[in-house]
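Quick note on labels: first sequence line is chain A, next is B, and so on, each numbered from 1. Just so it is clear, the model here is predicted, and its values are computed rather than measured.
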Amino acid sequence: MSDVSDPQHPISLPDKPALEGLEAKWNARWAENGTYRFDRRRARPEVYSIDTPPPTVSGSLHVGHVFSYTHTDIVARFHRMRGKAVFYPMGWDDNGLPTERRVQNYYGVKCDPSLPYDPAFEPPQTPGKQPVAVSRPNFVELCLQLTKEDEKAFEHLWRYLGLSVDWSMTYATIDRRAQRVSQASFLRLLKRGIAYQLEAPTLWDVDFRTAVAQAELEDREQPGAYHRIRFRRQGQSTAAGTHGAVEIETTRPELIPACVALVAHPDDERYRPLFGTEVVTPLFGAPVPVRAHALADPEKGTGIAMICTFGDLTDVTWWRELTLPVRAVIMPNGTLRPVAWGTPGWESGDATRAQQAYDQLAGLSATKARMRIVELLRESADLVGEPKPITHPVKFYEKGDRPLEIITSRQWFIKTMAHREELLARGREITWHPEYMRHRFENWVNGLAGDWCISRQRFFGVPFPLWYPVGADGVVDYSRPLVPDEPRLPIDPSTDVPDGYGQEQRREPGGFVGDPDVMDTWATSSLTPQIAGGWLSDPDLWERVFPMDLRPQGHDIIRTWLFTTVLRSLLEHKSLPWFNAALSGFVLDPDRKKMSKSKGNVVTPMALLEQFGSDGVRYWSASVRPGGDPAFDVNDPGQIKVGRRLAIKILNAARFALLQAEPRGPIIEPLDRGMLTSLSRLVDEATAQLEAYDYARVLERTERFFWSFCDDYLELVKARRYGDFTTEGAASANSAMLVALSTLLRLFAPYLPFVTEEVWSWWRPGSVHQARWPSSVEAVEAIGGDDAAALTVFLQSQAAVADVRRLKALAKRPAKTPIARAVLPARFEPLAPAARDFQAAMHIRELVFADVAESELTFAEEPVA
RNA sequence: GGGCGCGUGGCUCAGCGGUAGAGCAUCCGCUUCACACGCGGGGGGUCGAUGGUUCGAUUCCAUCCGCGCCCACCA
């Protein structure tokens, strides 16, 4: 084994090995030596490529990051040791709303896109109460400035944790490369008619004043109330009493002015006579038809609902399928817009009264308008009974604070509905880890309600690379966008000028305007394989890494990141983006609640790493099975401490093995051969399981072997290796120990990169992380074949050791108490070839196997000779 | 309402057809020449409930209960 006896590399051991300082020491060395550099000369079959999740840099770091990124790193390190060139870049997700919000608070500014760029702008020293308005380019500069700082902190953490990333390949979702990819892909989709714009009702956040996508919704339980409202039949006056009136129930009475119809189920006998007739809205006297639609649920409320433009997504469906008019009242900022009743579209039987009522609502937020209109309805006796308080789920933008509204606006979409079947088929081609996560993906695809809205009315994002011509009449013609040539990308239409125009023609009749919007952050993040892999910019690299091998990510973003990446790759390349998707869970607090800043239960990882060592923290991460959601208690970081102890044990066991590593020679002793046979079987198992991404099991098995290696095997061979018997026996023990140590270090290397590298450096050249992954062939070579007989010797020795220790402890004898005579049951007899080691380790003078049920020990009173 | 996962000793979890496992915690013992950041040992579980398949079930199937997550056109 040239592997374990390299005369060129002398053993050098520290007197008192310790974990402290290993992170700094080895990170510096790895950076210097380019240990994790991607070898881009290797062809695709020899490459293992990873589509790293770019963390949101404006968010705070917590143990969940450390947890899931460790899993990916273990896989990366395994494949690197298997001989692959590992493509493992890091990305930063810095565009988007979270960064905008952080910049606003950090610098005390707000973006006003109407302002011109001020090259001399400096943010206030300390943020004032009133935010300073800045131009969009200035705002973007501040975003870039702050994310640079955040990215430094992230990189420091990742390095400290020991991620084997090639830092020369880092990208950011706002950098030029990402913008170019994102814009080019969009333009190609536009050309093919897959990206399109539409004036349509869209989910809208009134605080951020932007459209949001279905994937960004979440339901939150909110207090509300059912209001029973009376609609009179057409032709009846207010004074005509209640006969023939229709009662509906609504949680949003403030939308009565936006009501365009009532709807009931076609088979509902109660309302059947009304279909085709008209009723009038209370307060506003607007005539609205009563219609039939299968979505109306006779069980809900009174069985008949009012359709408003727009109260919820069902309204949109009804509005579209029943071809109803629009009567929108909610403005982008969430308040009710001014309306002139009696004008076209706002017909009323009593325009004066309608105006009087409406004027009390105009300008109010939806919530305030609701309170006011309830009073008005009560006064006009159109409210039946009192509102009944309820709690019901309301749709929110996941980052928003107020319920979403639905607002009609011009937005860009990417077609998804047309590709549902193919997406499902592609999803089945991906290997999911764990397998059951595929259901989440299919669930989502099956539940898609509409095409993907990708435009956002925000500032820090990738702009749409489009301008629109302005007609001689000053009207913008959105139907004929001006498109830049691909080589010009990336462009910012707010500063760049379309070909054939001059800057002075901006916003002028006969000139142009830039598209003011930016793309949804997922519209760029869905292209991370293309961005990282050099699509468009580095075809040579692209050939070597795409489709990628692995997408690791959290299961909470299957519907966003995973789904959109599959979609974009399908649309762009008719290909899967990667072959494997590994979904890691997230860390829960001790009460099994998801960690989040708002709950205040976030644990920051740096202190943990410093206190217990990166290897200890990585051990905890790796011990959770794929997809699992571990609970973590900072006050009782059990598994981290266990990991730290394991790392320390590795230091000490290695020191023991190397302390007196001579003489060396053929591995002839059955005990040694049995131990190595056992180890070689572990290696086969570990390799297969890591190929299947089952890192947790491999760690558990390796660790179990290692502890018994230390506690049983090393104890058993101690006397022999110190030369108490023959030179050949000592040589056999030493050589076996070194083979085992070399193998174990490499098995542990993906999990505990620092301690294994440290120990490797005591006696082996190069980095353990570039060493080849152990194979059973190695161990088998060292002993000339799988030795099943020796394995039995080894296993029976271990069992007998446990038995004798138990009896000695029960007899309350100190461990060193000699045993004059030990009678062991015959089942232990197979250990006989190792009897000398066994007797020495257990201090047994006379060993007998007999037909007894239990071992019998006779203790000697005098100490061992 | 649909889907998925999980329910194993005080805690965190592994096992998944053949007499219950680990670590932590707890208790007892040991200054054993690699390690007291250590070593050895003990106690502690009718494996959520009920049926079924089987010679045999914690392990397979069905139903139910509890917890969690994802999804859904909840007026």
Side-chain angles (χ1 to χ4, degrees), chain A residues 13 16-19 217 219 224 226-227 248-252 255 262-264 293-297 299-308 311-318 390 392-395 434 436-449 555-556 558-559 585-586 588 590 592-594 612 620 623-625 627-633 636-639 641-660 696-697 700-701 703-704 707 710-711 714-715 718 722 801-802 804-817 841 843:
Chain A
L13 294 179
K16 185 80 184 159
L19 299 179
L217 298 186
D219 281 352
Y226 282 130
H227 304 76
I248 60 108
E249 277 195 341
T250 180
T251 54
R252 300 205 58 186
L255 292 180
L262 299 189
V263 66
H293 193 280
L295 267 185
D297 183 350
E299 301 297 315
K300 277 180 196 153
T302 58
I304 187 162
M306 72 169 179
I307 303 174
C308 306
D312 62 24
L313 289 171
T314 322
D315 281 342
V316 178
T317 309
W318 280 326
I390 52 154
H392 65 152
V394 177
K395 292 197 185 315
Y436 62 75
M437 289 294 181
R438 196 189 71 243
H439 296 286
R440 302 265 184 106
F441 175 79
E442 296 191 344
N443 232 335
W444 175 251
V445 175
N446 285 323
L448 284 174
H555 59 62
D556 52 332
I558 289 174
R559 65 176 182 172
F586 32 69
L588 308 172
R592 311 217 114 259
K593 295 275 176 292
K594 193 173 171 178
F612 298 104
W620 160 70
S623 63
V624 178
R625 72 179 189 289
D629 298 331
F632 182 74
D633 185 354
D636 183 22
Q639 289 299 100
K641 282 200 267 183
V642 173
R644 176 179 172 77
R645 226 164 304 180
L646 172 63
I648 292 169
K649 190 76 176 176
I650 290 172
L651 287 176
N652 286 309
R655 184 162 182 278
F656 170 74
L658 296 168
L659 209 48
Q660 183 183 314
R697 190 185 294 245
E700 195 251 331
R701 296 292 154 83
E703 187 192 6
R704 190 192 302 169
W707 282 106
C710 291
D711 297 340
L714 291 184
E715 293 300 329
K718 212 171 239 181
Y722 279 130
V801 164
V804 171
R805 280 174 176 164
R806 183 176 59 85
L807 293 172
K808 204 178 248 184
L810 286 175
K812 304 234 179 219
R813 303 283 178 154
K816 275 206 290 197
T817 308
H843 309 291

Regarding the side chain of T314(A), the nearest nucleotide among A34(B), C74(B), C6(B) is C74(B)

Aromatic ring pairing F632(A)/W620(A), orientation class (parallel under 30°, perpendicular over 60°, tilted between) | tilted

What's the closest nucleotide to the Y226(A) side chain, out of A75(B), A34(B), C70(B)?
-> A75(B)

Pairing nucleotide - U54(B), Watson-Crick or G-U, each distance under 3.5 Å | none

Determine the contact category for W620(A): base if any of its heavy atoms lies under 4.0 Å from a base atom, sugar-phosphate if only primed atoms, P, OP1 or OP2 are that close, otherwise nothing.
-> nothing

Using both distances under 3.5 Å as the test, list the Watson-Crick or G-U wobble partner of C69(B), or none.
-> G3(B)

Between R559(A) and C71(B), does any side-chain N or O lie under 4.0 Å from OP1 or OP2?
-> yes

Just checking C308(A): base, sugar-phosphate only, or nothing, at a heavy-atom cut-off of under 4.0 Å?
-> nothing

Which nucleotide in the set A75(B), C74(B), C35(B) lies at the smallest distance from any side-chain heavy atom of K649(A)?
-> C35(B)

Inter-residue atom distance L646(A).CG - Q639(A).CD, 0.5 Å rounding = 11.0 Å

Residue L810(A), side-chain heavy atoms: nucleotide from C37(B), G41(B), C73(B) that is nearest | G41(B)

Classify the nucleic acid contact of K812(A) as base, sugar-phosphate or nothing, counting any heavy atom under 4.0 Å across all strands shown.
-> sugar-phosphate

Winner on side-chain proximity to H439(A), out of C73(B), A14(B), C4(B), is C4(B)

Taking the nucleotide of RNA chain B with the closest heavy atom to each, which residue, L659(A) or V642(A), is nearer the 5' end?
-> V642(A)

Could you tell me whether T317(A) contacts a base, only the sugar-phosphate backbone, or nothing, with contacts defined as non-hydrogen atoms closer than 4.0 Å?
-> nothing

So what does R697(A) hit on the nucleic acid, given a heavy-atom distance under 4.0 Å: a base, only sugar-phosphate, or nothing?
-> sugar-phosphate

For atom C1', what is the distance between C70(B) and C28(B), given to the nearest Å?
-> 49 Å

Under 4.5 Å between any side-chain heavy atoms of H555(A) and D629(A), yes or no?
-> yes

Between E249(A) and P17(A), just flag the one whose closest nucleotide in RNA chain B comes earlier from the 5' side.
-> P17(A)

Take atom CZ of R806(A) and atom C1' of G42(B), then tell me their distance rounded to the nearest Å.
-> 11 Å

Sugar-phosphate only, base, or nothing, as touched by K718(A) at under 4.0 Å among non-hydrogen atoms = base

Would you indicate which nucleotide in C30(B), C24(B), C71(B) comes nearest to any side-chain atom of R645(A)?
-> C24(B)

Considering Watson-Crick and G-U wobble pairs with both distances under 3.5 Å, what does U31(B) pair with?
-> none

Whole-angstrom distance between U46(B) and C69(B), as gauged at atom C1' = 31 Å

Sugar-phosphate only, base, or nothing, as touched by A296(A) at under 4.0 Å among non-hydrogen atoms | base

Is the phosphate of G29(B), meaning OP1 or OP2, less than 4.0 Å from a side-chain N or O of R813(A)?
-> no

Tell me whether the OP1 or OP2 atom of A75(B) has a side-chain N or O from H392(A) closer than 4.0 Å.
-> yes

Any strand, both distances under 3.5 Å, Watson-Crick or G-U wobble: C37(B) pairs with none

Using a cut-off of 4.0 Å on non-hydrogen atoms, how would the nucleic acid contact of R704(A) be classed: base, sugar-phosphate, or nothing?
-> nothing

Which part of the nucleic acid, if any, lies within contact of D711(A), taking any heavy atom under 4.0 Å across all strands shown: a base, the sugar-phosphate backbone alone, or nothing?
-> sugar-phosphate

Short question: side chain of H227(A), backbone of T250(A) - any donor-acceptor pair under 3.5 Å?
-> yes

With a non-hydrogen cut-off below 4.0 angstrom, is L295(A) in contact with a base, only sugar-phosphate, or nothing?
-> base

Which of the following nucleotides, C24(B), A34(B), A14(B), is nearest to the side chain of R625(A)?
-> A14(B)

Here the distance between atom C1' of G2(B) and atom CG of N443(A), to the nearest Å, is 7 Å

Determine which nucleotide pairs with A49(B), using a 3.5 Å limit on both distances of a Watson-Crick or G-U wobble pair.
-> U63(B)

From CZ of F441(A) across to C1' of C71(B) the rounded distance in Å is 14 Å

Write down the distance between CG (L588(A)) and P (U12(B)), rounded to a whole number of angstrom.
-> 12 Å

Closest heavy-atom pair, R252(A) versus M306(A), reported as atoms and distance to 0.1 Å, is O-CE, 3.6 Å

Gap separating the CD1 atom of I558(A) from the CZ atom of R438(A), nearest 0.5 angstrom = 11.5 Å

Side-chain donor/acceptor of K808(A) to backbone N/O of T817(A), under 3.5 Å = yes

Residue W318(A), side-chain atoms from C-beta onward, closest of C71(B), A34(B), A75(B) | A75(B)

Looking at the side chain of R440(A), which of C6(B), U32(B), C69(B) is the nearest nucleotide?
-> C69(B)

Base, sugar-phosphate alone, or nothing: which one does E715(A) contact when heavy atoms must sit under 4.0 Å apart?
-> base

So do L313(A) and K395(A) actually touch side chain to side chain, heavy atoms under 4.5 Å?
-> yes

Nucleotide paired to A22(B) in any strand shown, Watson-Crick or G-U, under 3.5 Å | U12(B)

Among A75(B), A34(B), G42(B), which nucleotide sits nearest the side chain of T250(A)?
-> A75(B)

